[in-house]
A.B. asks: 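Shown below is the structure under consideration.
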Amino acid sequence: MACTLLFRLFLAALVVECCLGGRSLAALVEEQPLKMAYHKGALLTGNVSVHLIFYGEFTAPQRSVISDFVQSLSGTKDSLEPSVASWWGTLAKYYATSKAPLPRLLLGKQLLDAEYSLGRFLTDADLAELAARASSRSRGSLGVVLTASDVAVERFCMSRCGSHGRTSALSRGRRGGRSAYVWVGDSGTQCPGQCAWPFHQPMYGPQVPPLVPPNGDVGADGAVINLASMLAGVATNPFGDGFFQGSRAAPLEAATACPGVFGKGAYPGYPGELLLDTVTEASYNAHGAHGRRFLLPALFDPLTSACSTLA
Ligand SMILES: *[C@@H]1O[C@H](CO)[C@@H](O)[C@H](O)[C@H]1NC(C)=O
């Protein structure tokens, strides 16, 4: 029972699919490191423009937290280490085995849909449609849908905080082949204890005090954690046949294989050692563009089968 509770907390930090849990738990019990298998499919590569669509009401500061994070992925001359760009760079280990170069993610267009054009409850099909509106048809384009804190999304807070998916060549308006997309919700009011941990009290497990978010916004800083996780997943497993552990239906990918891990020494309920801003007391582990700081998830190292953290 304690295991279940602990494990739910563990899973709560970065939820992907409900059923991933069983596998990780089994692995912990058996103490067998899981292998990150490559299933021989395509990975994202080249220069990829990340087009953002903000669905619902976001404040300008919230949008700039997200866009500055995306801009930080390709690196800036002035950014300090550990940086968002070095975090992204650790994914190169996946690309070494596949022989494609690690993609360079660049901030693309930003669209606003403040009028909730598809309503306040979105299905997976709606997310795919919104992503298609944001991204162009060219190959090097990735649509990212961000939903505001008052938008309900299918299975949001039930079993996931964000997701990535793909649209096939036959789907509406896309003749140029399949493309991948990402969705992340602002969980600030709907389920911060689940999707914005460790910036909010956890929904389950030991009640340790929440950490101060580096950009002062539980919803936006929490969305960055989940966006980082989904970008790592969509790059290394864009079409369901790239890198993942476990079954195709419930894959554990580059970041989701390390749920709840942000720094060295992490254990369920404790995110690990982080950097601390002595003035604001905010916790972070990566520097980014425009002097920003972010908290990013650990990434599974396919060579050592361990979760690697920046600091
Ligand atoms: C990506 O863009 C840079 C310039 O912005 C260019 O030098 C490089 O060749 C491009 N890479 C690919 C794979 O197209």
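All figures in this text were calculated on a predicted structure; none of them were measured in a lab.
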A.B. asks: Given C307 and C258, is the disulfide (SG to SG under 2.5 Å) satisfied, shown in steps?
C.D. replies: CA-CA 6 Å; C307 292; C258 297; 2.1 Å; yes
A.B. asks: Looking just at side-chain N and O atoms, do S83 and E81 make a donor-acceptor pair shorter than 3.5 Å?
C.D. replies: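 S83 vs E81: donor-acceptor pair found between side chains.
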A.B. asks: Verify, without hydrogens or angle tests, whether S86 (side chain) and G89 (backbone) share a donor-acceptor contact under 3.5 angstrom.
C.D. replies: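 Side chain of S86 to backbone of G89: no pair is present.
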A.B. asks: Given 3.5 Å as the limit, does a donor-acceptor pair link the side chain of T236 with the main chain of A232, or not?
C.D. replies: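 It does hold such a pair.
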A.B. asks: Can F300 and F244 be said to form a side-chain contact (heavy atoms from CB on, under 4.5 Å), step by step?
C.D. replies: CA-CA 10 Å; F300 190 87; F244 61 89; over 6 Å; no
A.B. asks: Quick one: does N226's side chain have a donor or acceptor within less than 3.5 Å of a partner on C161's backbone?
C.D. replies: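 Not a single qualifying donor-acceptor pair exists.
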A.B. asks: Residues in side chain to side chain donor-acceptor pair (under 3.5 Å) with D186, at least two apart?
C.D. replies: none
A.B. asks: Using only atom types and a distance under 3.5 Å, with no angle test, would you say the side chain of S187 pairs donor to acceptor with the backbone of Q190?
C.D. replies: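 The answer is no, because no donor-acceptor pair under 3.5 Å joins these two groups.
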A.B. asks: Nearest 0.5 angstrom please: R133 CZ to I53 CD1, how far?
C.D. replies: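 The CZ atom of R133 sits 6.0 Å away from the CD1 atom of I53.
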A.B. asks: For the residue pair F58 and F54, does the interplanar ring angle fall in the parallel (under 30°), tilted (30 to 60°) or perpendicular (over 60°) class?
C.D. replies: perpendicular
A.B. asks: Hey, any chance V144 and L122 share a hydrophobic cluster, counting ILVMFWY side chains that come within less than 4.5 Å of each other, even indirectly?
C.D. replies: no
A.B. asks: Quick check: closest heavy atoms across Y181 and R166, and the distance to 0.1 Å?
C.D. replies: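 That closest heavy-atom pairing would be CE2-N, 3.7 Å.
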A.B. asks: Once you measure the plane-to-plane angle for W197 and F262, does it fall in the parallel (<30°), tilted (30-60°) or perpendicular (>60°) bin?
C.D. replies: tilted
A.B. asks: I want to check something: taking the side chain as every heavy atom from C-beta on, are L106 and V50 in contact at a cut-off of under 4.5 Å?
C.D. replies: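 Result no, sub-4.5 Å side-chain heavy-atom pair not found.
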A.B. asks: Give the minimum heavy-atom separation between P213 and D221, together with the two atoms involved.
C.D. replies: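 Closest pair (atom of P213, atom of D221, distance): CB-OD2, 3.2 Å.
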A.B. asks: Is it the case that one hydrophobic cluster holds both V153 and L111, taking links as side-chain heavy atoms less than 4.5 Å apart, direct or via other members?
C.D. replies: yes
A.B. asks: Assess the residue pair M230 and V182 against the criterion (side-chain contact (heavy atoms from CB on, under 4.5 Å)); give the C-alpha distance rounded to whole Å, side-chain angles, the decisive distance to 0.1 Å, and a yes or no.
C.D. replies: CA-CA 7 Å; M230 289 302 108; V182 167; 3.7 Å; yes
A.B. asks: Any side-chain heavy-atom pair from P198 and L295 closer than 4.5 angstrom?
C.D. replies: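 When only atoms from C-beta onward are counted, L295 and P198 do touch, with a gap below 4.5 Å.
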A.B. asks: Between L231 and L142, is the side-chain contact (heavy atoms from CB on, under 4.5 Å) condition met? List the steps.
C.D. replies: CA-CA 10 Å; L231 288 174; L142 177 69; 3.7 Å; yes
A.B. asks: Hey, is C195 close enough to C157 that the SGs sit under 2.5 Å?
C.D. replies: no
A.B. asks: Rounded at 0.5 Å granularity, tell me how far CG in L211 sits from OG in S283.
C.D. replies: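 Taking CG in L211 and OG in S283, the distance rounds to 4.0 Å.
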A.B. asks: Which residues pass the side chain to side chain donor-acceptor pair (under 3.5 Å) test with S67, sequence neighbours left out?
C.D. replies: none
A.B. asks: Could you check whether the rings of F69 and F294 sit parallel, tilted or perpendicular, using 30° and 60° as the cut-offs?
C.D. replies: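 Aromatic pair F69/F294 classed perpendicular.
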A.B. asks: Spell out, as yes or no, whether a donor-acceptor pair under 3.5 Å connects the side chain of N215 to the backbone of D217.
C.D. replies: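 Absent.
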A.B. asks: Hey, does P82 have a side-chain heavy atom less than 4.5 Å from the side chain of H287?
C.D. replies: yes
A.B. asks: Does the distance from a Lys or Arg side-chain N to an Asp or Glu carboxylate O, for K40 and D241, drop under 4.0 Å?
C.D. replies: no
A.B. asks: Find out if a path of hydrophobic residues (ILVMFWY) with successive side-chain heavy-atom gaps under 4.5 Å connects L112 to I66.
C.D. replies: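 They do share one cluster, since a chain of ILVMFWY contacts under 4.5 Å joins L112 to I66.
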A.B. asks: Using side-chain heavy atoms (C-beta onward) and a distance below 4.5 Å, is D277 in contact with R293?
C.D. replies: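 Yes. Closest side-chain heavy atoms under 4.5 Å.
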A.B. asks: Test your reading of the model: is there a side-chain donor-acceptor pair from D113 to the backbone of S117, 3.5 Å cut-off?
C.D. replies: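 Yes, the answer is positive, given that a donor and an acceptor are paired below the 3.5 Å cut-off.
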A.B. asks: Would you compute the distance between atom CG of L310 and atom CG of N285 and round it to the nearest 0.5 angstrom?
C.D. replies: 5.5 Å
A.B. asks: Between atom CG of L146 and atom CG of L52, what is the distance when rounded to the nearest 0.5 Å?
C.D. replies: 6.0 Å
A.B. asks: Any idea which heavy atoms bring Y55 and G119 closest together, and the distance?
C.D. replies: OH-O, 2.6 Å
A.B. asks: To the nearest 0.5 Å, how far apart are CG in L303 and NZ in K93?
C.D. replies: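 Answer rounded to 0.5 Å: 5.5 Å.
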A.B. asks: Please name all residues satisfying side chain to side chain donor-acceptor pair (under 3.5 Å) with D68, sequence neighbours left out, ordered by chain then number.
C.D. replies: H290, R292
A.B. asks: Where is the tightest heavy-atom contact between V84 and S72, given as atom of each residue plus distance?
C.D. replies: CB-CB, 3.6 Å
A.B. asks: Holding to side chain to side chain donor-acceptor pair (under 3.5 Å), I want the full list of residues that pass it with Q201, two or more places apart in sequence or in another chain.
C.D. replies: Q207
A.B. asks: Does the side chain of E253 pick up a donor-acceptor pair with the side chain of H164 at under 3.5 Å?
C.D. replies: yes
A.B. asks: Is it true that Y116 and D150 share a donor-acceptor pair across their side chains at a distance under 3.5 Å?
C.D. replies: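 Judged by distance alone, the side chains do pair up.
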A.B. asks: Name all residues meeting the ring pair (Phe, Tyr, Trp, His ring centres under 6.0 Å) criterion together with F199; count only those two or more places apart in sequence or in a different chain, and write none if there are none.
C.D. replies: none
A.B. asks: Give the C-alpha distance, both sets of side-chain angles, the deciding distance and a yes or no for side-chain contact (heavy atoms from CB on, under 4.5 Å) between T97 and F243.
C.D. replies: CA-CA 10 Å; T97 21; F243 284 92; 3.5 Å; yes
A.B. asks: If you define the side chain from C-beta out and look only at heavy atoms, does anything of Y38 sit under 4.5 Å from S98?
C.D. replies: yes
A.B. asks: Indicate yes or no for a side-chain donor-acceptor contact from H39 to the backbone of G242 under 3.5 Å, with no hydrogens or angles considered.
C.D. replies: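 Answer holds: yes.
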A.B. asks: Classify the side-chain pair S163/R155 by whether it contains a donor and acceptor separated by less than 3.5 Å.
C.D. replies: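 No.
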A.B. asks: Would a single hydrophobic cluster contain both L118 and W183, if residues Ile, Leu, Val, Met, Phe, Trp and Tyr are joined by side-chain heavy-atom contacts under 4.5 Å?
C.D. replies: yes
A.B. asks: Following the transitive rule for hydrophobic clusters with a side-chain heavy-atom cut-off under 4.5 Å over Ile, Leu, Val, Met, Phe, Trp and Tyr, establish whether L227 and L127 coincide in one cluster.
C.D. replies: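 Unlinked, L227 and L127 end up in two clusters.
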A.B. asks: Does T45 reach the main-chain N or O of P103 with its side chain, forming a donor-acceptor pair under 3.5 Å?
C.D. replies: no
A.B. asks: Please indicate whether E57 has more than 12 foreign heavy atoms, meaning atoms of other residues, nucleotides or ligands, lying under 6.0 Å from its CD.
C.D. replies: no
A.B. asks: Do S49 and S141 pair up side chain to side chain, a donor and an acceptor below 3.5 Å, judged on atom types alone?
C.D. replies: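 Judged by distance alone, the side chains do not pair up.
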A.B. asks: Measuring from atom CG of L296 to atom CH2 of W88, what distance do you get when rounded to the nearest 0.5 angstrom?
C.D. replies: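 The CG atom of L296 sits 11.0 Å away from the CH2 atom of W88.
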A.B. asks: With sequence neighbours excluded, tell me which residues meet ring pair (Phe, Tyr, Trp, His ring centres under 6.0 Å) with F239.
C.D. replies: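 For F239, no residue satisfies ring pair (Phe, Tyr, Trp, His ring centres under 6.0 Å) once neighbours in sequence are set aside.
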A.B. asks: Within the 4.5 Å heavy-atom criterion, are L105 and V70 side-chain neighbours or not?
C.D. replies: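 Result no, sub-4.5 Å side-chain heavy-atom pair not found.
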A.B. asks: For L44 and Y95, which heavy atoms make the closest approach, and how far apart are they?
C.D. replies: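 For L44 and Y95, the tightest heavy-atom pair comes out as O-OH, 2.7 Å.
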A.B. asks: Compute whether any side-chain donor of one residue and acceptor of the other, for D126 and T123, lie under 3.5 angstrom apart.
C.D. replies: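 Checked: D126/T123 side chains pair up, N/O donor to acceptor below 3.5 Å.
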A.B. asks: Under 4.0 Å between a Lys/Arg side-chain N and an Asp/Glu carboxylate O for R160 and D124?
C.D. replies: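 Between D124 and R160 there is a salt bridge, with a charged N closer than 4.0 Å to a carboxylate O.
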A.B. asks: If you look at every heavy atom in A131 and V145, which pair is closest and at what distance?
C.D. replies: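 So the two residues come closest at N-CG2, 3.6 Å.
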